[in-house]
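Note on naming: letters A, B, ... go to the chains in the order of the sequence lines (proteins, then strands), and numbering restarts at 1 for each one.
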Amino acid sequence: MSNHGDAAVHHVHRDDAGAKMGMWLFLFTEILLFGGMFLVYAVYRYQYQEQFHIAGMELNTGIGTLNTIVLLTSSLTVAMSIAALQKGNKFLSLLLLYATQIFALIFMVNKYFEWSSKISHGIFPGSPELLSKPNGQILFFGLYYVMTGLHGLHVIIGMIVIAVVIGFIHKDMITRDDYVKLENTGLYWHLVDLIWIFLFPLFYLIQ
Amino acid sequence: MSVNNKHHIGYGTYIIVWLALLAFTTITVTVAGISLGRYTLFIALTIAAIKSALVINVFMHIKFDEPIFKAFLGISGATLLVIFLLTFVDFLYR
């Protein structure tokens with residue numbers, strides 16, 4: 001279907017460029033959503049430098065680094081899954097998407113352990129332990145929970161979308177010649193990775 | 001029909017970019033351990049920006065896609081920059 005010269009002969013109602021444009025517009029709104037939060041973070045970090053420093057030391061850099069590696073690798077597997085489908089290798093494409101799901105799951109499991117350890121130490125929004133700390137630290141942990149929480153929600157949504165895409169590929173509804181759904185899912189997943197690239201140094205690498 | 005200028009990126013390119021991303025992660029974690037005072041945040045954000053550029057250009061195909069997508073990204077980046085600048089001007093000089 002894609003490799004004939006005269007496109008006017010059979011006109012199929014399909015607009016891959018349009019679909020991608022729609023996805024990018026959506027990503028635009030996502031960038032602004034997280035951008036607003038990064039803005040709040042920037043202003044408060046500027047205002048409470050010392051407190052952000054003290055609070056940031058309490059986060060586990062090791063788990064943050066591990067999750068960074070996991071998420072970067074999941075981005076690689078999604079990108080390679082598209083390449084595999086373009087080459088007509090459905091099996092490899094699916095395999096790489098399943099790998100992505102496993103990485104996403106590892107990310108969320110790490111997040112679960114990280115959050116539960118914080119919560120068991122009495123640090124969660126509104127906890128007496130946290131409220132007894134100075135304002136800057138309350139703000140730091142508030143932003144930490146909201147921003148990594150919203151990011152985690154995006155990871156979960158991404159996993160659901162990838163699961164649907166896996167189903168589509170199995171049923172040949174996404175194929176070598178028609179894979180814009182997989183491409184758009186990839187774009188979304190890379191954006192989730194992109195946001196983490198900034199969350200990681202801002203929360204876990206404070207010195 | 002599908003996008004006319006189909007530029008398919010091979011596995012090798014993706015793996016090289018992934019290795020570069022891992023290398024930059026190692027650098028940023030190592031640098032964070034060294035006390036560089038006020039440069040620490042600057043270095044961390046510069047490395048994050050380099051990593052983003054790699055993800056956007058290669059993983060998200062922006063480098064090989066039609067210019068309209070670059071325009072989309074440019075507009076969202078510029079919007080964010082303006083919002084940041086205006087907020088900080090307001091915050092610092094109020």
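- For B:Thr28, the parts lying near chain A are the backbone and the side chain together; criterion is any non-hydrogen pair under 4.5 Å.
- When atom types are taken as modelled, the side chain of A:His190 and the backbone of B:Ile56 share no donor-acceptor pair closer than 3.5 angstrom.
- Side-chain atoms of A:Met159 and A:Ile162, non-hydrogen and from C-beta on, never get closer than 4.5 Å to each other.
- Listed for the B:Thr79 side chain is a donor-acceptor partner under 3.5 Å among the backbone atoms of B:Ile75.
- Checked by atom type and distance alone, the side chain of A:Tyr188 never pairs as donor or acceptor with a backbone atom of A:Val161 at under 3.5 Å.
- When heavy atoms are compared at a cutoff of 4.5 Å, A:Thr29 does not approach chain B at all.
- Among the candidates B:Ile68, B:Leu41, B:Ile9, B:Ile83, the residue making the largest number of heavy-atom pairs closer than 4.5 Å to chain A is B:Leu41.
- A donor-acceptor contact closer than 3.5 angstrom is absent between the side chains of A:His121 and A:Glu58.
- When each of A:Ile31, A:Leu25, A:Val43 is checked for heavy-atom pairs under 4.5 Å with chain B, A:Val43 comes out on top.
- Cation-pi geometry between A:Lys118 and A:Phe141 is not satisfied (NZ or CZ under 6.0 Å from the ring centre, within 45° of the ring normal).
- Contact annotation for A:Ser75: both backbone and side-chain heavy atoms come within less than 4.5 Å of a heavy atom of chain B.
- Heavy atoms closer than 4.5 Å to chain A are found nowhere in B:Ile47, neither backbone nor side chain.
- With a 4.5 angstrom heavy-atom cutoff, B:Leu21 touches chain A via backbone and side-chain atoms both.
- Proximity of a side-chain donor or acceptor of A:Arg176 to a complementary backbone N or O of A:Gln86 within less than 3.5 Å is detected.
- Using a 4.5 Å cut-off between heavy atoms, A:Ala84 touches chain B through backbone and side chain atoms alike.
- Taking 4.5 Å as the limit, every side-chain heavy atom of A:Ile195 sits out of range of all side-chain heavy atoms of A:His154.
- For B:Ser52, the parts lying under 4.5 angstrom from a heavy atom of chain A are both the backbone and the side chain.
- Interface remark: B:Phe91 contributes side-chain atoms only to the contact with chain A (heavy atom separation under 4.5 Å).
- Side-chain atoms of A:Phe52 and A:Tyr46, non-hydrogen and from C-beta on, never get closer than 4.5 Å to each other.
- Residue contact with chain B, scored on non-hydrogen atoms closer than 4.5 Å, involves the backbone and the side chain of A:Phe38 alike.
- B:Phe84 touches chain A through backbone and side chain together, each having a heavy atom under 4.5 Å away.
- Using a 4.5 Å cut-off between heavy atoms, A:Leu96 makes no contact with chain B at all.
- In this structure, chain A has a heavy atom under 4.5 Å from the side chain of B:Ile62, while its backbone stays farther away.
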